[in-house]
2 protein chains.
Amino acid sequence: MAMRMKDIAEELGLSVVTISKVLHNHPDISAKTRERVLKHVEARDYQPSMLGRSLVTGNSFLIGLVVPDLLHPFFAEVAKALSLAVRGSGYSLIISSSEEDPGLELQEMRQLLSRRIDAIVVASTATSGEAFQRMHRNNERVLLIDRKFPIEGGAFVGVDDVAAGRLATEHLIQVGCRNIAHIGGRENSTGLDRLEGYRQALLAANLPFSPKNVIHRTRVDTNSFGEGAAAARLLLSRKVQPDGIFCYNDPLAIGAMHVLLEAGVRIPEDIALVGCGNLHYDNSLLVPLSSIDQKSSEIGRVAGDIVLKMIANKEKNNGETVVLSPSLVVRASSRRGSAKATAKTAKAK
Amino acid sequence: MAMRMKDIAEELGLSVVTISKVLHNHPDISAKTRERVLKHVEARDYQPSMLGRSLVTGNSFLIGLVVPDLLHPFFAEVAKALSLAVRGSGYSLIISSSEEDPGLELQEMRQLLSRRIDAIVVASTATSGEAFQRMHRNNERVLLIDRKFPIEGGAFVGVDDVAAGRLATEHLIQVGCRNIAHIGGRENSTGLDRLEGYRQALLAANLPFSPKNVIHRTRVDTNSFGEGAAAARLLLSRKVQPDGIFCYNDPLAIGAMHVLLEAGVRIPEDIALVGCGNLHYDNSLLVPLSSIDQKSSEIGRVAGDIVLKMIANKEKNNGETVVLSPSLVVRASSRRGSAKATAKTAKAK
């Protein structure tokens, strides 16, 4: 049986109110009593019940996080940073994966909401913001991350995805690519905005934008290796092959990389490759991968700050929107010319 | 405001008891009424409160999972499989990372237990089982995964780590290595058992076991790239360099791989490399990495089954122990001779 506050009080010959005041940092307690209580609490391994704390404050001290796939390191990095950001305030994360299925996402969100969690953070896999609009109307505390919807007053943290697409494509143009393909994502904000950045960079450089050069994939988070490989095969089957490829995310780029190398294509000499996400393993890949850094840890950290602020101010949704600037990390997969590094000279992190 | 069962009842002109019976699949309800209620519940987007369900059943429908690091893909894979295994029964996972710090692990476990979760699953970063022994005495429902302690009656799921070390080392011997080093883990069951397997394989092949060939690292989950690199530098500085290295885990092997390649060492010709974990990205690395498959998904799935069984049977701890057999996956990093594959011919997954 777990020890109760009453047991601690009896053992010390103090009232339950006094013990409670010490544990809640109430100023109305002498330093001597405080020390005596805390020492005993420590010695007896007593843990105050969160359930009791919940009943007093009306908070569950739980934050829900729904991501498309925990195995995708981008979302694991976001989850780690978010967990760290809220842990100090006594909050824990309930993490749930939608497996890139909008129906399952909805079900998981309903399940989390039914637990009366204090806030829900979602990297949505839906292409419509309908469910979030409804949650917003129902005064649920929701924070969208990474992928956004046009919801009036809704809070959001992510990167500027148009800038991400532009940065990657401008870099490919700068290293000499003239026929740049795009292995694209789904029709959500990240997919459409990175495509738009790619288009803008081509037009700004007076290069043609051809829809034929854009290969859209749909299972980009859960089946990314397979989807990237299939898209690369399609591009290689063309009469005129591309000399550069910007991929919606790094796992797609890894799938494409395998197919290109198998076909004897030299990376980056024949085809330069840039991904998006700047994952943990990018530097250690077959060909170390150039990538757009999406600031995964900062997204998690900022998301934590925003939800804690919402909860502290008893706001349902403060409409705070933070758009971070992406940056380009150049590695061997797009490093052409004299500065070109081979796999052998890539540095360990 | 969330809709209540009372609202649904009033709108349909039925009693709250009838609505409740439908939602709990009570047999005492006509098919017609059942259909009418369920249709209305669907249309009104009504979600029964888990809090209510918790008060009725005494369960929180929460399972805690504590791992050393969510960014390490092995633990992300376990988490994904565990989540999937318990989701169908209405359970959610509270996931917490110990950052490979035994003190933080203890604090996070206490925090989870204070939430009155139904079970806690831990890949412990501790080197002593003291805290678990105490939880066991306190009748907490604890399942250890991956790393075990000698706790009487304690439940456990993991792989046979002696077999893992033996498999990896036997393979290195079989491809011709005669001076095999081990970049080892911490002094926990996984670290010590893999070392023991390595030792057994050497002795069985009449090769000397030299403690000098074992480099112990301590931050093997959170700083594995750096630790693997440092260990490889140490091995390269030796008068007699090894011709094969078995690494405690894959991220350590990746760190070592960078240092070897930078030093001009050919993998596997000069030094063959085998890791442990068989991670998602092993096939796409600078040199695709041979590895021991630790059955991460199966560990998660079996762990889910065991805790659900414990909860259903109202057992505190059923002492169930499942030890899975590891297997070897050979890739370019140890494929010597005619069957040797170069990076270019590695197949995409």
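Note that the structure is a prediction, hence the values are computed from the model and not measured.
- Using a 4.5 Å cut-off on side-chain heavy atoms (C-beta onward), A:Ser284 and B:His258 make contact.
- Across A:Ser60 and B:Arg115, no two heavy atoms sit closer than the pair O-NH1, 3.0 Å.
- Contact annotation: the side chain of A:Leu62 approaches that of B:Ile94 to within less than 4.5 Å [non-hydrogen atoms, C-beta and beyond].
- Between chain B and the options A:Leu70, A:Asp69, A:Ile95, the largest number of non-hydrogen pairs under 4.5 Å is found for A:Ile95.
- At a 4.5 Å heavy-atom cutoff, B:Ile117 makes no contact with chain A through either its backbone or its side chain.
- Distance check: B:Leu93 CG to A:Ser97 OG gives 11.0 Å after rounding to the nearest 0.5 Å.
- Heavy-atom pairs under 4.5 Å with chain B peak, among A:Leu65, A:Leu84, A:Leu104, at A:Leu104.
- By the 30° and 60° cut-offs, the orientation of the rings of A:Tyr281 relative to B:Tyr281 is parallel.
- Paired with B:Arg87 under the rule side chain to side chain donor-acceptor pair (under 3.5 Å), one option of A:Gln107, A:Glu108, A:Gln111 passes, and it is A:Glu108.
- Atom CG of A:Leu279 and atom CG of B:Leu71 lie 10.0 Å apart (nearest 0.5 Å).
- At a threshold of 4.5 Å between non-hydrogen side-chain atoms, the residues B:Leu286 and A:Leu286 do not count as touching.
- The candidate with the highest count of non-hydrogen atom pairs below 4.5 Å against chain A, out of B:Pro73, B:Ala79, B:Gly64, B:Ser83, is B:Pro73.
- Interatomic distance, B:Leu285 CG to A:Asn283 CG, rounded to the nearest 0.5 Å: 11.5 Å.
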